[in-house]
Q: 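Could you have a look at this structure, given as structure tokens, before my questions?
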Amino acid sequence: MEQGLGQDYIPASGSFDKSRVLNVRPLRCLVPIFPSPPNMSSFSLPQAAPFVSASPTGPFPPGVAPFYPFFVPPDSQRPSEQDPQAPFGVPNQAGPFGFNNPVQAAVPISSFRTPPRPQPAGAPNHNWGAVNGDTGPSRRSTRTRTPSAFAEEDGYSDSQNQSAQYLSSFSMHITDAEETSKAERKKGKSQKRARGSKGVNISSPDVEADPIVSNLLASINLTTFDTFRRADGDKESVGYILMIYDFLRRRITQIEDGKEATPGVTRRPDLRAGTILMNKGIRTNIKKRVGTVPGVEVGDIFFFRMETCLVGLHAPCMAGIDYMGLKISQEEEPLAVSIVSSGGYEDNVEDGDVLIYSGQGGNIYRKDKEVMDQKLERGNLALEKSLHRANEVRVIRGIKDVANPTGKVYVYDGLYKIQESWVEKGKSGCNVFKYKLVRVPGQPEAFTMWKSIQQWKDGVTSRVGVILPDLTSGAESLPVSLVNDVDGEKGPAHFTYFPSLKYSNPVNSVQSSSICACQAGCLSGDPHCLCAKKNGGYLPYTANGVLVNRKSLINECGPSCSCPPNCRNRASQGGLKVRLEVFKTKDKGWGLRSWDPIRAGAFICEYAGEVLDKSKVEEFGSEAEDEYIFDATRTYQPLEVLPGDLNEDPKIPFPLIISAKNGGNVARFMNHSCSPNVFWQPILREANKETFIHIAFFALRHIPPMTELTYDYGIVQTNNAEQRRKKCLCGLSKCRGYFY
DNA sequence: CGAATTCAGCGGTAT
DNA sequence: ACCGCTGAATTCGAT
């Protein structure tokens, strides 16, 4: 598939309308002016470089004025707001800066740049912006390059070609040795800093000394992250990194929660976990690139900026614009590779496929510093160059997280192209750069899906194919839609909806051992909290109800405890937290998915149904009908990422089998997958002075909206297992072919 | 209780 | 050395 770069850079000659392009982009536009030879692949060798650069000193074709549009006459409050179509705020083409006398009136782009600092004669000049009318020495004259260096520094990736052939054409910039020494230096630096800075970061070493964390780090097979994997990821390594990262983050949160809070000190488990993984080289896609990042798919979600750094989607951990230097012919230009739009600036995000993005700088969002005009440097310059080069820019959209209002969800919304740019006066009265980005067509839905879901929730539009708006008839705290937009089936076979587990008799209950007296809610590491004690000292959940790691059994607080209902050690008790729908899948019958994003470790639902007593269990053993059954006695593959001692295998003191055939909740619709995104966890909970075991489902990884929820059904180890096994339809490369 | 404020952070870029 | 669309903790302010 010749999607993306190639086609966009190499229009078939004559297929474009020069006047149209020029009208839209009056800047020096290399695409139409220097068409490349046809039949050139997007994956170009140096001699066939798609980038043909004009000489920095011109000549420019008639009517192409270099950079004048950035000139904003101080006295003419040029109305870009009123006419955003006029690129760069040029009201029309007649004025003194129109096409008629462009060159004379041209103001060099450098007029928007920081004045270059005085440099000794002959020093390298990094003033990229001074392309035309440059008074300083050109970069070309101060630096020579070998032809082969071009290929080495080409950061373009071809999403369809991540083969060894592709890799071999690049030389790895970062060898293992370099990587290690870099990490060592880094580590030394951070330790020094920790010592020197009033003990703010002093707890960092004991996080790594924590047995669970050091176990985790020791268990990671570092050969998995050899040079090859670090340079170019795949879905597996990206998923692995994200899972380790979030586990580490949750574990650090848990440890920190157990400590006395130091007033005024902000704890950043996200940064701590990120730094550890960075230093260990547990990351991928280190080499920056334009376009697709291998292993990251459109629609993938992140809950921390550090996650996008680790997988190479967006390297800066705070800045919104990521860019790289790219050698083009003899020039080096910064090109934007990705942006994050998260609401700090006055971005316009109304249309799902168009984004009006504000440039960086100018202290727009800082209250402690004086607001100033933005400058055409760093990311802003890179975006400008990317406009001219028409290269694809990854867009990550930050959205307020419904489940955690203080946090954000970042959605990778795929590739965009910058269509135009201009300068306008921001609210503060200072110049702000604006960039109009338009989504490259043909990509899977991502951000627009979020918008649709929001409209369904608001009742603005209705979901297509809804059979029942709430199949629970109000039995859950949130409605669960029944949807079929695939075929004519009107719904699953009849069953009774009830939201929790039904024990026919309390035989299987476990004796209640203790209750807690934490009136204000339980806290991790509190030696007085018996419930924390029962869970091994720490509470199993973080403050926002996220499960830190899988345990053989979790002891939640119950009605007899003194803690309030919102105590964090009751994560599975509040009913549904995400808006779910039961939907008709293409080939697996009915399935379950969520309208809301779900973060790794978040509670989804429990398995409701009737607990089969021992006699029925035996009867069940010979029964072929096991469509809606949860069977804790099956054997389960260990969860793929975390080592066994971190993710303990579930242990239930009796053979628990639940039937949801006649009645149950949404969990009965969850299908099997050999590479699931959900796992189950036994939970001990009190009711009427007795304790019962419940089966709760938690997210194994971050799950984007509308992704089917699946867990591993396990394998039955019986004589007639072969006949009863079902063909697995998960369709994954890891599929073991069957379940039960 | 949500919004606004405060502030230490970190990887990366540029000097 | 400097920079930035972080994110947690804390204070503020409108109910």
Side-chain angles (χ1 to χ4, degrees), chain A residues 113-114 116-120 123-128 182-183 185-187 189-190 193-194 196-202 204 249 252-253 256-257 261-279 283 286-288 302-310 312 314-325 332 334 337-347 349 355-369 374-375 377-383 395-401 404-410 426 432-433 435 542-544 566:
Chain A
R113 300 208 58 211
T114 322
R117 296 175 196 187
Q119 289 176 342
N125 182 355
H126 295 279
N127 190 349
W128 283 318
K182 199 175 159 192
R185 278 201 305 276
K186 196 81 211 236
K187 208 170 173 181
K189 186 177 134 198
S190 71
R193 188 193 294 162
S197 64
K198 293 184 230 162
V200 169
N201 204 11
I202 218 91
S204 195
R249 204 202 99 252
I252 293 171
T253 308
E256 289 295 317
D257 279 349
T262 328
V265 175
T266 48
R267 300 188 279 218
R268 294 290 298 266
D270 59 319
L271 297 182
R272 298 258 291 277
T275 306
I276 291 172
L277 294 199
M278 286 272 181
N279 288 341
R283 55 184 298 194
I286 293 177
K287 258 167 71 74
K288 290 194 182 185
F302 306 89
F303 288 82
F304 292 91
R305 286 286 299 271
M306 196 54 95
E307 295 176 322
T308 65
C309 308
L310 289 168
H314 186 89
C317 54
M318 305 175 92
I321 306 167
D322 191 10
Y323 56 98
M324 62 185 284
E332 182 170 312
V337 295
S338 62
I339 59 168
V340 179
S341 166
S342 50
Y345 286 78
E346 299 157 22
D347 295 346
V349 295
L355 171 65
I356 309 296
Y357 190 76
S358 303
Q360 66 184 185
N363 297 329
I364 301 296
Y365 66 100
R366 296 188 61 155
K367 302 286 179 283
D368 56 330
K369 284 194 181 174
Q374 289 186 340
K375 299 182 189 109
E377 58 184 18
R378 295 171 182 272
N380 299 344
L381 180 61
L383 285 170
V395 168
I396 298 142
R397 299 198 185 232
I399 302 166
K400 194 192 241 186
D401 183 7
N404 180 26
T406 58
K408 279 183 192 142
V409 196
Y410 296 96
V432 175
F433 290 98
Y435 300 89
T542 67
N544 51 14
N566 67 351

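Below, chain A is the first sequence line, B the second, and so on; all start at residue 1.
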Q: In whole angstroms, how far is the C1' atom of dC5(C) from the CZ atom of Arg305(A)?
A: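 It is 7 Å, rounded to the nearest whole Å.
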
Q: When we call it a touch if two heavy atoms are under 4.0 Å apart, what does Cys317(A) touch: a base, just sugar-phosphate, or nothing?
A: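 Cys317(A): base contact, heavy atoms under 4.0 Å.
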
Q: Report yes if the side chains of Arg378(A) and Tyr323(A) come closer than 4.5 Å at any heavy-atom pair, otherwise no.
A: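 Counting from C-beta outward, Arg378(A) and Tyr323(A) do come under 4.5 Å.
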
Q: Going through the checks in order, is the side chain to side chain contact (heavy atoms under 4.5 Å, CB included) test met by Met306(A) and Leu277(A)?
A: CA-CA 10 Å; Met306(A) 196 54 95; Leu277(A) 294 199; over 6 Å; no

Q: List for me each residue that meets salt bridge (Lys or Arg N to Asp or Glu O under 4.0 Å) alongside Arg249(A), sequence neighbours excluded, and say none if there are none.
A: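 In terms of salt bridge (Lys or Arg N to Asp or Glu O under 4.0 Å), with neighbours along the sequence ignored, Arg249(A) is linked to Asp246(A).
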
Q: If each of Phe303(A) and Pro316(A) is mapped to the nucleotide of DNA chain C with the nearest heavy atom, which maps nearer the 5' terminus, i.e. the 5' end?
A: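 Final value for this comparison: Pro316(A).
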
Q: Could you pull out all residues at least two apart from Ile399(A) that satisfy side chain to side chain contact (heavy atoms under 4.5 Å, CB included)?
A: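 Result, side chain to side chain contact (heavy atoms under 4.5 Å, CB included) vs Ile399(A): Val411(A), Phe447(A), Trp450(A).
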
Q: Could you list the protein-to-nucleotides 8-14 of chain C atom pairs, N/O on both sides, closer than 3.5 Å?
A:
residue: dT10(C); atom: OP1; partner: Gly264(A); partner atom: N; Å: 3.2

Q: Tell me the interatomic distance from Met324(A), atom CE, to dT13(B), atom P, rounded to whole angstroms.
A: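 Value for this atom pair: 10 Å.
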
Q: Kindly write out the residues that satisfy side-chain hydrogen bond (donor to acceptor under 3.5 Å, both in side chains) with Arg268(A), not counting sequence neighbours, or none if the list is empty.
A: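 Per chain and number, Arg268(A) pairs via side-chain hydrogen bond (donor to acceptor under 3.5 Å, both in side chains) with Asp270(A).
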
Q: Between Arg283(A) and Cys309(A), which heavy-atom pair has the shortest distance, and what is it?
A: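 It is NH2-O, 4.4 Å.
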
Q: Counting only side-chain N and O atoms of Ser342(A), is one of them less than 4.0 Å from OP1 or OP2 of dT6(C)?
A: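 Answer is yes, contact under 4.0 Å.
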
Q: Between dC3(C) atom P and Asp322(A) atom CG, what is the distance in whole Å?
A: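 After rounding, the gap between these two atoms is 19 Å.
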
Q: If I take atom CG in residue Asn380(A) and atom P in nucleotide dA14(B), what distance separates them, rounded to the nearest angstrom?
A: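 Rounding to the nearest Å, CG of Asn380(A) and P of dA14(B) are 13 Å apart.
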
Q: Reckon Tyr323(A) has a side-chain N or O less than 4.0 Å from the OP1 or OP2 of dG4(C)?
A: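 So the side chain of Tyr323(A) is outside the cut-off, no N or O lying under 4.0 Å from OP1 or OP2 of dG4(C).
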
Q: Just N and O in the side chain of Lys408(A): are any of them under 4.0 Å from OP1 or OP2 of dT6(C)?
A: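 So the side-chain polar atoms of Lys408(A) do come within 4.0 Å of the phosphate oxygens OP1 or OP2 of dT6(C), strictly under.
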
Q: Measure from CD on Glu377(A) to P on dC2(C) and round the result to the nearest Å.
A: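 Those two atoms, CD and P, are 14 Å apart.
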
Q: Between C1' on dG12(B) and CZ on Arg378(A), what's the gap in Å once rounded to a whole number?
A: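 Spelled out: CZ on Arg378(A) to C1' on dG12(B) is 9 Å.
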
Q: What verdict does the side chain to side chain contact (heavy atoms under 4.5 Å, CB included) test give for Thr406(A) and Asn544(A), after you've listed the backbone C-alpha separation in whole Å, the side-chain angles of each residue and the deciding distance to 0.1 Å?
A: CA-CA 11 Å; Thr406(A) 58; Asn544(A) 51 14; over 6 Å; no

Q: Any side-chain N or O of Arg283(A) under 4.0 Å from OP1/OP2 of dG12(B)?
A: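 It does, given that an N or O in the side chain of Arg283(A) lies less than 4.0 Å from OP1 or OP2 of dG12(B).
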
Q: Rounded to whole angstroms, how far apart are CE on Met306(A) and C1' on dT6(C)?
A: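 About 10 Å, once rounded to whole Å.
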
Q: For residues Leu383(A) and Tyr357(A), determine if any side-chain heavy atom of one lies less than 4.5 Å from a side-chain heavy atom of the other.
A: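 Contact flag for Leu383(A)/Tyr357(A) side chains = yes.
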
Q: Using the rule given for side chain to side chain contact (heavy atoms under 4.5 Å, CB included), can you reason through Asn380(A) versus Lys375(A), listing the C-alpha separation, both sets of side-chain angles and the distance that settles it, and then say yes or no?
A: CA-CA 7 Å; Asn380(A) 299 344; Lys375(A) 299 182 189 109; 5.8 Å; no

Q: Taking only the side-chain heavy atoms of Tyr410(A) (C-beta and beyond), determine which of dG12(B), dT6(C), dC5(C) contains the nearest atom.
A: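 Of dG12(B), dT6(C), dC5(C), dT6(C) is nearest to the side chain of Tyr410(A).
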
Q: Is the shortest side-chain N/O distance from Lys400(A) to OP1 or OP2 of dG2(B) below 4.0 Å?
A: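 Result: no.
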
Q: Please pick, from dC3(C), dG4(C), dC10(B), the nucleotide with the shortest atom-to-atom distance to any side-chain atom of Leu271(A).
A: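 Shortest atom-to-atom distance from the side chain points to dC10(B).
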
Q: Could you tell me whether the phosphate oxygens of dC5(C), OP1 or OP2, come under 4.0 Å of any side-chain nitrogen or oxygen in Gln360(A)?
A: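 Indeed, a polar side-chain atom of Gln360(A) lies that close.
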
Q: Rounded off to whole Å, could you give me the CZ-to-C1' distance for the Arg272(A) and dT6(C) pair?
A: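 About 16 Å, once rounded to whole Å.
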
Q: State the dot-bracket string of DNA chain C. Criteria: Watson-Crick or G-U wobble, both atom distances under 3.5 angstrom; notation: ( ) intrastrand, [ ] crossing earlier pairs, | interstrand, . unpaired.
A: ||||.||||||||..

Q: Which residues pass the side chain to side chain contact (heavy atoms under 4.5 Å, CB included) test with Thr308(A), not counting sequence neighbours?
A: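 With sequence neighbours excluded, Thr308(A) shows a side chain to side chain contact (heavy atoms under 4.5 Å, CB included) to Phe302(A), Arg305(A), Leu313(A), His314(A), given in chain and number order.
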
